[in-house]
Amino acid sequence: MSSMHLNHVKITDPFWLHYMDLIRTEMIPYQWSVLNDKADIIIEKERDADYIPSDKSHAIENFKIAAGLKKGHHYGMVFQDSDVYKWLEAVAYSLQQVPDENLQKIADSVIDLLAQAQEADGYLNSYFTIEDPKRRFKRLYQSHELYCAGHYIEAGVAYYSATKSQKALEIACKLADCIRAAFGDGKGQIQGYDGHEEIEIALLRLYEVTGNKDYLELSKFFLYERGKNPDFFKDQVKADPNKKPLIEGMDQFKASYYQIHKPVLEQDTAEGHAVRVTYLCTAMANLAYLNQDEKMLEVCHRLWDNIVHKRMYITGAIGSTVIGEAFTADYDLPNDTMYGETCASVGMIFFAANMLKNERKAEYADVMERELYNITLSGMALDGKHFFYVNPLEAVPEHSKKDPGKSHVKLARPAWFGCACCPPNLARLLTSLDRYIYTIHDQSIYTNLYLTNQSNLEIDGKKIRIEQMTNYPWEGKIQFSIHTNQAVRFSFALRIPNWSKTYSIFINGERHTGKIVNGYVSLDRQWNDGDTIVLELDMKIHLWTANPHVRSDLNKVAVQRGPIVYCAEGKDNGSDLQLIHFTEQTKFQYQFEANQFNGVGIITANAEKMKIGSQWEQTLYREAVKQEFSPITLTLIPYYCWANRGENEMLIWFHKK
């Protein structure tokens with residue numbers, strides 16, 4: 001049987017190189033200073049009810065204390081270790097893109113520190129080593145022990161892949177072996193799982209690198225065991241002689257918050273904490289692929305359909321409520337009280353990528369693209385040093401400051417958080433973007449994302465280089481050049497995004513009339529050196545509407561061009577954005593502005609704004625009369641650019657007359 005392998009992808013795209021360089025030169029050093037308590041910042045207390053305030057990270061110091069290099073107590077959240085691990089994973093991907101001897105030395109020193117902090121049996125967790133060694137694995141719904149372990153294993157695998165550091169991989173294997181000894185359905189083992197999914201993802205990645213099937217089987221155990229006993233966490237609390245909670249407030253959540261209300265094979269709706277759901281689905285989709293597990297894939301289909309078709313915002317955001325950062329009900333998608341955590345959008349990209357391994361369906365890549373260009377980028381300021389945890393679709397400064405139900409909606413990105421999962425999660429995603437561009441199935445390469453890059457393939461020993469060149473997402477023309485020493489046959493599948501109403505394909509200058517199958521047009525032929533493919537997508541501005549069951553968006557429209565969702569800010573359009581209406585006569589104009597927001601496409605439109613006359617000054621309600629409107633020129637910017645120019649209003653959904 002013939003084989004195709006993707007050996008290396010080098011991103012050269014100006015749009016994404018800007019972000020990758022920003023992460024490498026600003027974000028990674030900045031986060032390193034935060035982790036070492038050397039950054040001059042105020043750490044944001046994100047939610048009053050759930051998390052204690054913090055004035056530092058202390059994450060590196062925690063490991064030094066755990067390693068016996070210093071004396072002291074653990075500081076910060078019980079899952080503080082994971083901030084270091086995600087930083088390390090981002091460093092690994094960055095080093096693969098741009099080797100940096102000094103950065104690698106710093107990362108190597110972190111690996112050395114972790115090896116010192118790791119206990120003899122492989123256990124690694126600074127909080128329990130320092131403060132509570134007797135409570136190992138005894139309060140799993142709060143402890144995040146396996147969650148943190150999973151993040152180290154992912155980082156260790158990534159760092160080994162980038163640098164061939166055996167020590168990084170050995171720490172991961174020892175940690176996984178420790179967990180394997182403690183968990184299972186054997187005598188004396190814990191027949192349970194962590195409160196926050198992550199270890200399941202990591203064990204499968206470790207299996208793919210080592211080939212050790214024990215890790216695959218342990219991941220499978222955690223996934224299939226989940227939900228079999230919905231009282232598992234309660235039983236652990238009853239058995240724990242130490243009644244002190246590890247995280248205040250978590251005992252208020254129902255079993256569905258942790259996705260344990262049913263066995264996973266019986267779950268058909270996305271319930272509970274949105275990040276947990278996406279991490280669960282990511283692991284299930286990869287297990288389905290690696291183990292040819294059709295039952296698990298069937299669950300992935302159900303949860304994917306429920307999220308994407310009934311519980312996801314137009315920006316790709318998920319999580320409709322601040323309470324538990326959770327899903328609520330079908331079509332319950334409020335725009336101003338929503339949560340839309342950055343980590344949840346990262347998780348959706350992971351989920352989509354693993355579904356693409358299983359099936360050649362462009363809908364997964366469409367969602368991945370929507371997440372990437374909208375909600376994910378919104379999570380980071382243009383300076384790379386400030387971050388959003390919450391990503392609303394509507395914001396009014398006074399409401400956020402005075403309404404406790406909207407206090408989680410920030411008008412400016414904080415520098416850091418006491419619960420700092422989002423910034424390093426963003427860093428590890430964007431530095432590994434090369435992993436998501438293509439998917440290979442048999443003798444076919446599927447393009448999922450359009451961005452300038454050079455990729456090296458090998459098909460039956462024949463080496464091929466594919467160059468992709470584009471000014472996407474601002475322009476819809478994508479060109480591919482094939483370079484090979486000898487003719488080779490394979491199928492090259494082009495994704496036609498669901499927002500592109502028309503498209504054209506040219507091979508060596510001649511139009512190709514291909515058929516779309518599951519969102520891709522496959523070009524199956526013998527390719528020669530110098531062959532070119534040009535794909536032209538429809539970049540017209542389109543108005544989108546929501547399902548009528550979404551009460552918050554009824555009779556409203558949102559503006560999208562290409563993969564970018566647009567919004568209005570008070571900075572450009574004044575206050576009371578809710579009074580703006582589009583009409584049948586509204587026309588939209590697009591222009592690329594090189595000097596704004598590092599270069600973006602700006603949309604202007606002739607719209608109308610409802611007049612508020614003097615008759616409303618001392619009146620809250622009055623008899624309904626015909627409203628009067630004034631013409632305005634509306635300026636729209638990409639959603640991901642909002643909140644980079646000070647506090648002001650923001651709106652995505654507009655009334656349409």
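Everything numeric in this text was worked out from a predicted model, so none of it was measured.
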* To do: Please assess R551 against Y331 for the test side chain to side chain donor-acceptor pair (under 3.5 Å), listing each intermediate value before the final yes or no.
  => CA-CA 8 Å; R551 293 169 181 256; Y331 308 114; over 6 Å; no
* To do: Could you please spell out the steps behind the ring pair (Phe, Tyr, Trp, His ring centres under 6.0 Å) verdict for W642 and Y566?
  => CA-CA 9 Å; W642 91 278; Y566 280 75; over 10 Å; no
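Between the side chains of D332 and S320, not a single donor N or O lies within less than 3.5 Å of an accepting N or O. In this structure, a donor-acceptor pair under 3.5 Å is present between the side chains of W499 and E369. Residues H261 and E271 have side chains that never bring a donor and an acceptor to within less than 3.5 angstrom of each other. A donor atom on one side chain and an acceptor atom on the other are found under 3.5 Å apart for N62 and H58. If you check the side chains of H18 and N598, you find a donor sitting under 3.5 Å from an acceptor. Looking at Q560 and R370, their side chains do bring a donor and an acceptor atom within 3.5 Å of each other. Defined by atom type and a distance below 3.5 Å, a donor-acceptor pair is present between the side-chain atoms of D383 and H386. Side-chain contact of E145 with N125: a donor-acceptor pair under 3.5 Å is absent, judged by distance alone.
Of the residues listed (Y224, Y258, F233, Y141), the one engaging Y193 in a ring pair (Phe, Tyr, Trp, His ring centres under 6.0 Å) is F233, and it is the only one. Screening T342, T315, T376 against N391 for a side chain to side chain donor-acceptor pair (under 3.5 Å) leaves a single residue, T342. Of the candidates D37, N36, D83, I60 forms a side chain to side chain contact (heavy atoms under 4.5 Å, CB included) with just one, namely N36.
Side-chain atoms of E649 come within 3.5 Å of backbone atoms of D576 as a donor-acceptor pair (strictly under, hydrogens ignored). A donor-acceptor pair is defined here as one N or O able to donate and one able to accept, closer than 3.5 Å; no such pair exists between the side chain of K138 and the backbone of V237. At least one donor-acceptor pair under 3.5 Å links the side chain of N648 to the backbone N or O of K571.
Side-chain atoms of V550 and D553, non-hydrogen and from C-beta on, do get closer than 4.5 Å to each other. Taking 4.5 Å as the limit, every side-chain heavy atom of E394 sits out of range of all side-chain heavy atoms of Q578. Contact check for L377 versus Y639: no side-chain heavy atoms found under the 4.5 Å cut-off.
Evaluation of the side-chain hydrogen bond (donor to acceptor under 3.5 Å, both in side chains) rule for Y93 yields E89, R205, R435 as partners, not counting sequence neighbours.
The aromatic rings of Y279 and F350 lie tilted to each other, with the angle between the two planes from 30° to 60°. H196 and Y147 have tilted rings, their planes meeting at an angle from 30° to 60° on a 0 to 90° scale.
Note: Y373 and W16 meet the aromatic proximity criterion, with ring centroids under 6.0 Å apart.
The distance from atom CE of M348 to atom SG of C281, rounded to the nearest 0.5 Å, is 8.0 Å. Taken to the nearest 0.5 Å, the CD1 atom of I580 stands 7.5 Å off from the CZ atom of F582. To the nearest 0.5 Å, the span separating CD1 on I23 from OG on S94 amounts to 8.0 Å.
Cation-pi geometry between K410 and F388 is not met at under 6.0 angstrom from the ring centre and within 45 degrees of the axis.
N306 and D268 get closest at one heavy-atom pair: CB-O, 4.0 Å.
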